[in-house]
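The sequence lines fix the lettering, A, B, ..., with proteins before strands; numbering per chain opens at 1. As the structure is a computational prediction, the values presented were derived from the model and not from experiment.
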Amino acid sequence: MFALVDAVAFYASAEKVFDPSIRNKPVVVLTNNDGCICAVCPIARELNIPKFEPYFKLKNYLAKHNVIVRSSNYELYADLSDRMMNVIGRYCSNQHVYSIDESFLQFNSQAPDWFKLGQEIRLAVWREVKLPVGVGFGITPTLAKAANHAAKKLYGYNGVAVISDSKQALPILKQMKLADVWGIGSRLSKRLELIGLNNAYDLAQQDPSKMRKFHSIVLEKTVRELNGEVCLSWDEVKQDKKEIFSTRSFGTRITDKSSLHAALNTHADIIGRKLRKQGSLVKKLTIFAHNSPHDAQFIKRSFLYEFIVPTSDTSVIANAVSSVLDKLFVANVPFYKCGLGAIELHSGNFTQFSLFDKSQDKPEVMRIYDQINSKYGTGTTFIASSNMTEKWSMRRAFLSPQYTTRWAHLPEINC
DNA sequence: TCTGGGGTCCTAGGACCC
DNA sequence: TCTGGGGTCCTAGGACCC
């Protein structure tokens, strides 16, 4: 049995944890640079606020309905995520944290009562972290996702749904839109509608091999999973990433080389950390910078850097950045975004050493570097040529305090 | 006044080589 | 008269997710 546990509108709910005054109000959270709306709490959802629309287009509408608007407070969300995952992890030894607010659980034994277990998890997370979560149990990962959808969005489930056989799946799948099925987006759902399918149940009734011909093997697997056949093994669900990116748009456009260098080095730091966490090494790294695609003329420079010996060392990656900086920088271009992408990864366990070239990595330094940052907070140590506090760091006009990670922001209780 | 996220995976098609 | 291979690597862009 699989379970998927995730928070209801995680970012918006996280904003309500330490600010009870907004718990009963409509709340939305914006993406980096206050660009788009990325989280809508259930109360705000009733106002039909679309996700991932640019904020400036909805600004007036939100103000008219007294919607509370917050910038993304990643420090807060990351910390609340850790706490939430810890509580959930107590209920299953086999937990896979799938995203900042989702974790899959795999149970090998039979629980006496899945529904009761789901209620316990919900209650524990609410009691200890004050975050509302939905719990979906299913005999395949895709059905666990579907049950989770039902738990949070369908009438009568109140946060927990269980699909342990096709009889339990039926009412849920019949109420699910095609695009609500895991792996089916807006494009594919439109194509499926054209051949007469209207909901998840209709999709489950299709011949899997025909669906493979119609679209892809991925769709075939989805159909099989909806019918209770496990196609996404646990190993597949928690597979290593094949690419690792770190990119960000600037709060203010930059036109000088040193700012671009600092920004790219910040991404070098993040990429290195992600690589080491996964135990991977990067062989090929794409390094890019561009202005806005909405500008009159889109100007993009990118460079593919190949390491002779694959690396996960932040300083080695930073050196690669320095070596191509002159090729990326174009005078008088107001750069809007830049980033790095590790697009060819090698396993850290089976390094192909070169006969003539020695690795520049200093694993011991990186180990201590990571230890310090994990103990005292990310950013305690950093490479000198990166600086995220500069003028181009992101706009966050509606930022809430970092209640749990900064002494100065500690919540106060009035007695 | 101006404003438009970030991450991952996959594939079509162009460039280049022999 | 008209036609013309196959492999590798990279880039751009689409699709999906949150």
A/K284 side chain N/O closer than 4.0 Å to the phosphate oxygens (OP1, OP2) of C/dC10?
-> yes
Would you say A/K337 has more than 12 foreign heavy atoms packed within less than 6.0 Å of its NZ?
-> yes
Any idea which of B/dG7, C/dC18, C/dC16 is nearest the A/R187 side chain?
-> C/dC16
Of all the choices, C/dA12, B/dT8, C/dC16, which nucleotide is nearest to the side chain of A/K300 once you look at every atom?
-> C/dA12
When both distances are under 3.5 Å in a Watson-Crick or G-U wobble arrangement, the nucleotide paired with B/dC17 is C/dG6
Salt-bridge criterion met for A/R224 and A/E220 (N-O under 4.0 Å) = yes
Tell me whether the OP1 or OP2 atom of C/dT11 has a side-chain N or O from A/T286 closer than 4.0 Å.
-> no
At under 4.0 Å, does any side-chain N or O of A/N32 touch on OP1 or OP2 of B/dG6?
-> yes
Side-chain N,O (A/R395) to OP1/OP2 (B/dG4) below 4.0 Å = yes
Check every atom of B/dT8, B/dG5, C/dT11 against the side chain of A/S302 and return the nucleotide holding the closest atom.
-> C/dT11
Given DNA chain B, 5'-ward residue of the pair A/F245 and A/F56, judged by closest heavy atom = A/F56
OP1 or OP2 of B/dG7 less than 4.0 angstrom from a side-chain nitrogen or oxygen of A/K242, does that happen here?
-> no
According to a strict under-4.0 Å criterion, is A/Y336 in side-chain N/O contact with OP1 or OP2 of B/dG4?
-> yes
Does OP1 or OP2 of B/dC2 have a side-chain N or O of A/Y55 closer than 4.0 Å?
-> no
Nucleic acid contacts - residues 132-143 of chain A versus DNA chain B, non-hydrogen atoms under 4.0 Å | none
Once you round to the nearest 0.5 Å, how far does CG of A/L173 lie from CG of A/N199?
-> 8.0 Å
Would you kindly say whether A/S315 and A/D313 are connected by a side-chain donor-acceptor distance under 3.5 Å?
-> yes
Identify, between A/D240 and A/P54, the residue whose nearest nucleotide on DNA chain B lies closer to the 5' end.
-> A/P54
Nucleotide nearest A/L304 (side chain, heavy atoms from C-beta), chosen from C/dT11, B/dG6, C/dC16 | C/dT11
Is the distance from OP1 or OP2 of B/dG7 to the nearest side-chain N or O of A/R248 less than 4.0 Å?
-> yes
Any side-chain donor near an acceptor of the partner, A/Y77 and A/E15, under 3.5 Å | yes
Looking only at side chains, do A/D269 and A/Y369 share a donor and an acceptor under 3.5 Å apart?
-> yes
Can A/Y98 be classed as stacking with the base of C/dC17, given a centroid separation cut-off of 5.5 Å and a plane angle cut-off of 30°?
-> no
A/V237 side chain reached by A/F2 side chain, heavy atoms, under 4.5 Å | no
